[in-house]
Amino acid sequence: MTPIPDSTQKEATAQGSVIYYRDGKSVLARQGIDRKLVKLATVPEHVRQAVIAAENRSFYEDAGVSAKGTARAVWSTVTGAQLQGGSTITQQLVRNYYSGLSQERTVTRKFKEILIAMKVDQSKSKDWVLEQYLNTIYFGRGANGVQSAARAYFGKDVDKLTVAEGAYLAAVIQQPSRFADPKGSDLAAAKARWQSVINAMGQTGALTPEQVAAERFPELTAPKKPFELKGQAQYMLEQVTAELNRRGYTDEDIKGGGLKIVTTFDKKLMAAAERAVKDVLPENTPKKVRTGLAAVDPGTGEVVAFYGGRPSQSAYYDSAFSATVMAGSTFKPYTLAAALDNGFDLSTRVDGNSPLRVASASKPIPNDSGRSYGQINLVSATQNSVNTAFVDLGQKVGLDKVAKTAESAGIPAAQLEKHQSAVSFPLGVASVSAVQNASGFSTFANKGVHMEAHVVKSVTDSTGHKDVVKAVSTQVIGEQAAADTTYAMQQVVKYGTGTAARLYDRPVAGKTGTTDKSRQVWFNGFTPQLAVAVNMFRDDNATVTIPGYGTQFGGQLPAQIWRAFMTEAMEGEPVEEFPKPSEYGYTPDYSTPDRDTDVPEQDYTPPANPDEWNTSEPEPSEPPFSDPPVTEQPDDGGRGDQQPEQTAPPPTQAPDQPSPDVDPRVTGDRDGPSA
């Protein structure tokens, strides 16, 4: 009438999962119980015999229970004394392995345990019982099961344990907390217990008298500190868990399934991303200023590195994945790409005059400082980030095509839909995250093909089955359209607003972005091998101002951070050239611009709602640059030009939780030239 339970305790068989960096060797995080199940054949005979000698010498002969031990335990309970031991290996397994047996010390529970142990002994082999026991029992140091215990105490797999080491693990079972890291009297007690196990192995015949005499107390490795997530690891774990959930893995699978999870994160590049931000930004940067960086491999869609901010500042809200802020002029390349993929070419002329009147808008759209560029080609429009030219281009190609291109390049439709009917849509009134923007620009680097951004490379389950993540591939634009879009963005870095991002040894394409009143500032750029986005914004949506550096533009600190990261990330990588644009070398419009007359200025981005456009005089532009930055290898750690002297930081306040989206009702979008 007492059946063997048909289910096991989850904790008894759960195997913790290990999450690795992309090399598959460096541990990023551990989740769940520290246990790795092994077959009995993997456990050396002398380790098995040590456990049997220590816990249940009659294991292979008894019926699953010990008559003397059981009688002693029942008598203690009946008489009111504390329940004594006397449990066999089978009884211990039953108590810790099967569901439905409480841990209460009652006669009823004890008899139930005895009856189930007897039935298990009748229905299961002794080897099965011993295998489950060795995988279930707790050994101290956070180790569950003999394999984890071998790693915890001796830094080796169970099949490599010596006789002395196996005997120590057997000795630990009795008092795992006391013997986990014994010192003083505890060490003396541990040595005495270990010697008793060795002697017992001699008495059972597992060791000869000579072997007993020859054994010496083993050297224990120092206990490892409890695994804790530091720095960006907390953000990494959150993103990995979220993606695994999306791919069908439950939290229970992750914490108890014994998974080996290999992420896309490169350990060295993660460190480089953090260094780039911390080295470039001064120490007195206001706490409300957030900086995000994301790096995506164009060919695979793998997010290889990011910087999400200080976890101490915002434990569950990072600046790379979670924060979405207005894209500003970094959105213009999506408009350009849509046009080039729909019959337009780089020599197409658009209206760069200011102000520009659009039939669907109640007020004319101005350029910054009211500057007019006349009818200009798409290369000049991109290099100088001319707002009216892109509004005109958006009207010509169709805003629906611009939205489709951006969505296909990885920008979620939900972030585009509420803005795409506005004439200012091509100018970046929609909000995006750094990862989304880096992923979008990776499309241009990958010849028009977008690879789904992801953070998990593979998952191997406890049986050894490996599931390799295959990113969704989308042909966003044609190969030539991608090449032409890239060419236009190369001019931004060579001669336009992004010169601070130049790399001394290889070509770079990119785009700056600065929204109204510098509330959000960006630099997005790429080489053929890596696409990287850097953004800066404030919790309170105020102007991004850095002591000693003033109000920021995309071509200033964001571009310098980008350059610092890419200088390190590209070190040792082969130099790859971008594809040639259409009619390369034949169209005069593509020649080097006249830098005396074609100086890039700040942009002015009208709001999504034309009724709320700012009709006040535009702010004055930054002075034009005179000379491009040096193109030799920097000797300042990749931080760009010499930074100005810092002033005392303003008083800071505790950071507020940033809004997941920024009010799209802006009154300007301006990209200043590089600092």
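Hydrogens, waters and symmetry mates play no part in the numbers below; they use all other heavy atoms, side chains included. Model, not experiment: these values are computed from the prediction.
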Thr42 side chain to Val38 backbone, donor-acceptor under 3.5 Å: no

Sidechain-backbone polar pair: Ser408 side chain, Thr405 backbone, donor-acceptor under 3.5 Å: no

Check: Gln490 and Phe578 side chains under 4.5 Å, non-hydrogen atoms: yes

By salt bridge (charged side-chain N to carboxylate O under 4.0 Å, His left out) - contacts of Asp181 (at least two apart): Lys183

Any donor-acceptor N/O pair, Asn245 side chain to Ala242 backbone, under 3.5 Å: no

Modelled atom types, side-chain donor and acceptor of Thr324 and Ser431, under 3.5 Å: no

From CA spacing to verdict: side chain to side chain contact (heavy atoms under 4.5 Å, CB included), Phe331, Leu427: CA-CA 6 Å; Phe331 195 83; Leu427 307 182; over 6 Å; no

Whether Arg151 side chain and Ala143 backbone form a donor-acceptor pair below 3.5 Å: no

Any residue meeting side-chain hydrogen bond (donor to acceptor under 3.5 Å, both in side chains) with Gln31, in chain and number order, not counting sequence neighbours: none

Stepwise side chain to side chain contact (heavy atoms under 4.5 Å, CB included) test for Tyr20 and Lys260: CA-CA 8 Å; Tyr20 297 88; Lys260 176 183 178 180; 3.4 Å; yes

Leu557 and Tyr549, any side-chain heavy atoms less than 4.5 Å apart: yes

Expected output: side-chain Thr567 to main-chain Arg563 donor-acceptor under 3.5 Å: yes

Non-neighbouring partners of Lys156 that pass salt bridge (charged side-chain N to carboxylate O under 4.0 Å, His left out), sequence neighbours left out: Glu165

Gln436 side chain vs Ser433 backbone, donor-acceptor pair below 3.5 Å: yes

Contacts of type side-chain hydrogen bond (donor to acceptor under 3.5 Å, both in side chains), residue Thr264, not counting sequence neighbours: none

Heavy-atom side-chain proximity of Leu503 to Met566 below 4.5 angstrom: yes

Verdict with reasoning, Thr250 to Ile254, per side chain to side chain contact (heavy atoms under 4.5 Å, CB included): CA-CA 6 Å; Thr250 65; Ile254 298 169; over 6 Å; no

Any pair counted as ring pair (Phe, Tyr, Trp, His ring centres under 6.0 Å), so long as it reaches residues 265-309, sequence neighbours left out: Phe265-Phe306, Phe306-Phe321

Pairs touching residues 441-452 that satisfy side chain to side chain donor-acceptor pair (under 3.5 Å), sequence neighbours left out: Ser439-His450

Results of salt bridge (charged side-chain N to carboxylate O under 4.0 Å, His left out) for Glu252 - residues two or more places apart only: Lys10

Close side-chain approach of Phe444 to Val476, heavy-atom, < 4.5 Å: no

Parallel, tilted or perpendicular, as decided by the 30° and 60° cut-offs, for the rings of Phe441 and Phe526: perpendicular

Closest approach of Asp266 to Lys268 (non-hydrogen atoms, all atoms of both residues): OD1-N, 3.0 Å

Pi-cation contact, Phe523 with Lys511 (under 6.0 Å, within 45°): no

Asp318 CG to Glu238 CD distance, which is reported to the nearest 0.5 Å: 7.0 Å

Residues forming a ring pair (Phe, Tyr, Trp, His ring centres under 6.0 Å) with Phe154, sequence neighbours excluded: none

Donor-acceptor contact present, side-chain Gln415 to main-chain Ile411, <3.5 Å: no

Side-chain heavy atoms of Met536 within contact of Leu281, under 4.5 Å: yes

Close side-chain approach of Gln552 and Pro558, heavy atoms under 4.5 Å: yes

Donor-acceptor pair, side chain of Trp522 and main chain of Met326, under 3.5 angstrom: yes

Within residues 138-147 or reaching into it, pairs that qualify as side chain to side chain donor-acceptor pair (under 3.5 Å) - sequence neighbours excluded: Gln147-Asp157

Residues Thr515 and Gln520: side-chain donor-acceptor under 3.5 angstrom: yes

Check: Gly309 main-chain N/O paired with Gln232 side-chain donor or acceptor under 3.5 Å: yes

Closest approach of Thr463 to Asp461 (non-hydrogen atoms, all atoms of both residues): OG1-OD1, 2.6 Å

Considering all heavy atoms, the nearest Ala509-Thr486 contact: CB-O, 3.7 Å

Which residues share a side-chain hydrogen bond (donor to acceptor under 3.5 Å, both in side chains) with Glu407, sequence neighbours left out: none

Tyr153 (side chain) donor-acceptor with Phe139 (main chain) under 3.5 angstrom: yes

Test item: Glu577 and Pro507 side chains (from C-beta on) under 4.5 Å apart, heavy atoms: yes

side-chain hydrogen bond (donor to acceptor under 3.5 Å, both in side chains) partners for Asn437, two or more places apart: Thr330, Tyr334, Asn524

Exercise: do Thr335 and Lys332 side chains pair donor with acceptor under 3.5 Å: no

Residue pair Arg538, Arg290: steps toward the side chain to side chain contact (heavy atoms under 4.5 Å, CB included) verdict: CA-CA 6 Å; Arg538 284 179 59 97; Arg290 299 295 188 93; over 6 Å; no

Pairs touching residues 18-28 that satisfy salt bridge (charged side-chain N to carboxylate O under 4.0 Å, His left out), sequence neighbours left out: Arg22-Glu302

Lys457 and Val469, any side-chain heavy atoms less than 4.5 Å apart: no

